[in-house]
Structure formats: C-alpha cells, structure tokens
Number of protein chains: 2
Amino acid sequence: MPRTHSRRPALVHPDTGDIDLQDVLRALADPTRLTIVRTLRTDPERACGTFPVDVAPSTLTHHFRVLREAGVIRQREDGTRRWTALRLEDLDIRFPGLLDAILTAYAYANAADGTTHEQADD
Amino acid sequence: MPRTHSRRPALVHPDTGDIDLQDVLRALADPTRLTIVRTLRTDPERACGTFPVDVAPSTLTHHFRVLREAGVIRQREDGTRRWTALRLEDLDIRFPGLLDAILTAYAYANAADGTTHEQADD
DNA sequence: TTCGTCTTACGACTAACGTCGTATCATCGT
DNA sequence: ACGATGATACGACGTTAGTCGTAAGACGAA
C-alpha cells in the first residue's frame with residue numbers, strides 16, 4: 001500500500017560521476033531547455049506545467065527527459081505532480097563552475113544586447 | 001596581383017558581439033569538434049589536416065565551418081594551407097570564463113575516469 | 001605549363017532531434 | 001465510484017545534422 005507514486009516508471013537519474021559533458025552541452029544547446037534551466041536557477045523547484053515555455057505538454061516532457069538523463073535536473077513525484085529541480089551541487093562536483101559559466105554567459109550576453117531570443121523572459 | 005588567397009570564398013567570422021551562446025554550445029556539443037577545440041588550446045594555431053580526428057576531409061571542413069560560424073575558431077589562409085586558431089580572447093569578452101569552464105570540465109571529468117571517450121587522445 | 005597537394009563545395013544518404021496529437025495512467029476531490 | 005487534472009508514453013512527421021564520395025579550385029614546385 002504505497003500511497004504516493006507507486007508504480008510509475010521510476011525516473012532514471014545518472015549518478016554524479018556518470019554525468020557526461022557532451023550530454024550536458026547537448027542538453028543545454030536547445031533554447032527551450034536552456035529556458036527551463038534558467039528558470040530553475042531562480043526558482044529552486046517547480047512543477048512541470050509551470051514553466052514559461054510555449055510548447056506542447058508532450059514536448060515539454062521530452063525536454064525534461066533529455067535534461068534528466070543528462071544529469072542536469074532532478075525530478076521527484078508528489079501526488080499527481082512532478083517537481084523539477086536543478087542538480088546544482090552534483091553538476092558543480094562533476095564540472096566545477098560549468099553550469100554557472102553557461103548561465104552567466106547567457107545573462108551577460110543578453111544584458112549587452114537583446115538580440116539573442118526572448119523566449120519566456122517575462 | 002594579390003598573391004595570397006586572392007579569390008577564395010572569404011571566410012566568414014561573426015563579430016565578437018554577435019557570437020551566440022546557443023551556437024557555441026551546439027558547436028561544442030559534438031565530440032569531433034570538442035576534440036578540435038581541445039587540440040587548439042594546446043597548439044595555438046594548426047593547419048587543417050593536422051588534427052587528430054579520423055573523419056573524412058570533407059567532414060572536417062564541415063566541422064570547421066560550424067566552429068567558425070559559431071565564432072569559436074578563426075581561420076586564415078597562407079598559401080595552400082588554412083590555419084586555424086581559437087578565438088580565446090573574443091570568447092572571453094563575449095562569455096567570460098565559458099570556454100575555459102568547458103575545457104576544464106572535460107579535462108577534469110576525464111582525469112577522474114577515462115570512460116568518456118578517447119577520440120584522439122594520443 | 002603541368003603536376004601534385006591541400007582544402008573546399010556540392011550532392012546524397014542516414015540517423016537523430018524537436019514537435020505534436022492522441023491515448024493512457026496515477027492521483028485527488030467530490 | 002466517478003470525473004477532472006497533471007503528466008507521460010507512443011507513434012508520426014518534418015527538419016536538421018553528421019557523414020561520406022566525388023569534383024573542383026588555389027597554390028607551390030619542377
């Protein structure tokens with residue numbers, strides 16, 4: 001009688017030591033996914049449906065899986081919702097300073113000019 | 001009578017301020033291209049054919065173009081050869097610390113375990 | 001000029017990716 | 001028990017990306 005998240009697919013997360021740089025870079029090389037990660041840096045944890053990206057739910061699920069399997073985010077279940085968080089510490093252990101450099105780079109470049117892309121900047 | 005590189009296609013390089021983070025991440029998210037960049041950090045400038053990657057020449061040209069148009073490398077012509085160099089300073093102006101974080105991440109992760117991929121490590 | 005070398009351009013093929021619609025499943029509230 | 005909600009799985013589609021072979025261009029040497 002497990003009452004919460006009993007027989008769901010089980011959310012695969014790679015171990016910190018197994019996170020692959022290529023996977024992380026590929027995961028972050030997509031505008032939608034980078035927006036997700038940027039959002040997550042501000043809000044530590046968020047429900048799936050609450051991200052400021054305008055794609056279909058199934059597409060969003062796909063992006064979450066890419067990020068999750070790359071080791072960038074961690075997802076946990078709570079009732080009918082799935083909460084998503086950045087694996088900040090794990091990433092910093094595996095690739096010190098990398099995620100921060102990328103997020104800072106985004107902010108820095110967008111402060112200098114606004115011509116990058118304005119997906120979900122509101 | 002221009003004697004060097006007279007009517008070649010003219011090598012398009014984006015201005016430093018136009019370098020796009022998404023493009024850089026996408027460019028670096030490929031094993032072959034990351035190997036090129038890693039090689040370039042050690043050797044400041046190299047001829048095209050001298051990179052330790054085993055792909056067809058035309059494929060190599062393709063990767064050089066991706067890196068060049070992303071603003072990661074700069075290429076200049078000298079006779080029949082084309083020399084390639086990293087745009088270290090430009091990238092550091094545009095995205096401070098980013099390239100170094102990525103290259104350091106690669107070295108760091110590969111020092112911990114050798115299971116990433118060994119393309120051209122000899 | 002002629003040849004050989006270095007590099008690219010072009011076209012083609014295949015695999016991977018981003019996108020979506022629909023169906024399904026688990027959970028919570030009534 | 002029933003319906004509504006949040007999220008996923010699956011299958012499909014079009015586009016992009018990585019790969020190669022072949023042809024062609026520019027340069028240097030003989």
Side-chain angles (χ1 to χ4, degrees), chain A residues 1-13 20 22-36 45-51 53-70 73-85 117 119-120, chain B residues 1-13 20 22-36 45-51 53-70 73-85 117 119-120:
Chain A
M1 45 285 301
R3 71 208 54 173
T4 41
H5 50 75
S6 14
R7 64 201 86 274
R8 284 273 195 71
L11 263 358
V12 184
H13 295 89
D20 182 65
Q22 217 75 249
D23 292 342
V24 173
L25 292 180
R26 202 185 317 267
L28 265 36
D30 177 88
T32 302
R33 290 194 289 263
L34 191 54
T35 298
I36 292 174
E45 202 174 36
R46 248 182 131 106
C48 281
T50 68
F51 285 83
V53 294
D54 52 348
V55 292
S58 47
T59 304
L60 198 51
T61 296
H62 162 70
H63 287 308
F64 280 129
R65 177 170 42 200
V66 173
L67 287 168
R68 191 177 63 237
E69 294 181 350
I73 63 173
R74 186 182 303 279
Q75 291 186 301
R76 70 178 176 89
E77 304 179 342
D78 177 39
T80 172
R81 295 219 161 159
R82 189 163 287 188
W83 296 88
T84 304
H117 34 54
Q119 182 173 184
Chain B
M1 43 275 306
R3 70 207 57 171
T4 41
H5 49 76
S6 12
R7 64 198 88 272
R8 284 273 194 74
L11 264 357
V12 184
H13 295 88
D20 182 65
Q22 217 75 249
D23 293 340
V24 174
L25 292 180
R26 201 185 318 268
L28 264 35
D30 178 89
T32 302
R33 289 194 290 262
L34 190 55
T35 298
I36 292 174
E45 203 175 34
R46 248 183 131 105
C48 282
T50 68
F51 284 85
V53 293
D54 52 350
V55 291
S58 48
T59 304
L60 197 52
T61 296
H62 162 70
H63 287 307
F64 279 131
R65 178 171 41 199
V66 173
L67 287 168
R68 191 177 63 236
E69 294 181 349
I73 63 173
R74 186 181 302 279
Q75 290 186 303
R76 70 177 177 89
E77 304 179 341
D78 177 40
T80 172
R81 297 217 159 160
R82 188 164 287 189
W83 295 88
T84 304
H117 34 55
Q119 180 173 181

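Convention: sequence-line order gives letters A, B, ...; per-chain numbering from 1.
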* Asked: Nearest-Å distance, CG (A:L28) to P (C:dC17)?
  -> 15 Å

* Structure fact -> When rounded to whole Å, the CD to P distance for the pair A:E77 and C:dC25 reads 16 Å

* Determine: side-chain N/O of A:T61 to OP1/OP2 of D:dT8, distance under 4.0 Å, yes or no. => yes

All N/O contacts under 3.5 Å from nucleotides 13-15 of chain D to the protein, with atom names and distances to one decimal?
none

* To do: Quick one: list whatever passes side-chain hydrogen bond (donor to acceptor under 3.5 Å, both in side chains) with B:S58, sequence neighbours left out.
  => none

* Among all residues two or more places apart in sequence or in another chain, which pass the side chain to side chain contact (heavy atoms under 4.5 Å, CB included) test with B:T61? -> none

* Asked: Under 4.0 Å: is that the gap between some side-chain N or O of B:R26 and OP1 or OP2 of D:dT16?
  -> no

* Nearest heavy-atom neighbours spanning B:C48 and B:L60 -> O-CD2, 3.5 Å

* To do: Could you state the atom-to-atom distance from CD of B:Q75 to C1' of C:dT8 in whole Å?
  => 11 Å

* Please name all residues satisfying salt bridge (charged side-chain N to carboxylate O under 4.0 Å, His left out) with A:R74, sequence neighbours left out, ordered by chain then number. => A:D90

* Asked: Roughly, in whole Å, what's the span from CG in B:L67 to P in C:dT8?
  -> 12 Å

* Asked: Among all residues two or more places apart in sequence or in another chain, which pass the side chain to side chain contact (heavy atoms under 4.5 Å, CB included) test with B:R26?
  -> A:A29, B:Q22

* Which whole-number value in Å describes the distance from B:L60 CG to C:dC6 P? -> 13 Å

* Write down the atom of B:L67, the atom of B:A27, and the distance for their closest heavy-atom approach. => CD2-CB, 4.0 Å

Polar atoms only, N or O, under 3.5 Å: list the protein pairs with nucleotides 19-21 of chain C and their distances.
from   : atom 1 : to    : atom 2 : distance (Å)
C:dT19 : OP2    : A:H63 : NE2    : 2.4
C:dC20 : OP2    : A:A56 : N      : 2.9
C:dC20 : OP2    : A:T59 : OG1    : 3.2
C:dG21 : N7     : A:S58 : OG     : 3.3
C:dG21 : O6     : A:S58 : OG     : 2.9

* Asked: Out of C:dT27, D:dG18, C:dT7, which has the shortest distance to the side chain of B:R82?
  -> C:dT7

* Quick one: list whatever passes salt bridge (charged side-chain N to carboxylate O under 4.0 Å, His left out) with A:E45, sequence neighbours left out. => A:R76

* Structure fact -> A:T59 meets the side-chain hydrogen bond (donor to acceptor under 3.5 Å, both in side chains) criterion, sequence neighbours left out, with none

* B:R68: partners by side chain to side chain contact (heavy atoms under 4.5 Å, CB included), with sequence neighbours left out -> B:L11, B:H13, B:R65, B:I73, B:Q75, B:R82

* **Closest listed nucleotide, where the reference is the side chain of B:R65 and the choices are C:dA9, D:dA26, D:dT8** => C:dA9

* Length of the line joining B:L25:CG and D:dA17:P, which is rounded to integer Å -> 14 Å

* Asked: Please give, in whole Å, the distance from D:dA7 C1' to A:F64 CZ?
  -> 10 Å

* Structure fact -> note: B:D78, atom CG; D:dG28, atom P; distance rounded to Å ~ 8 Å

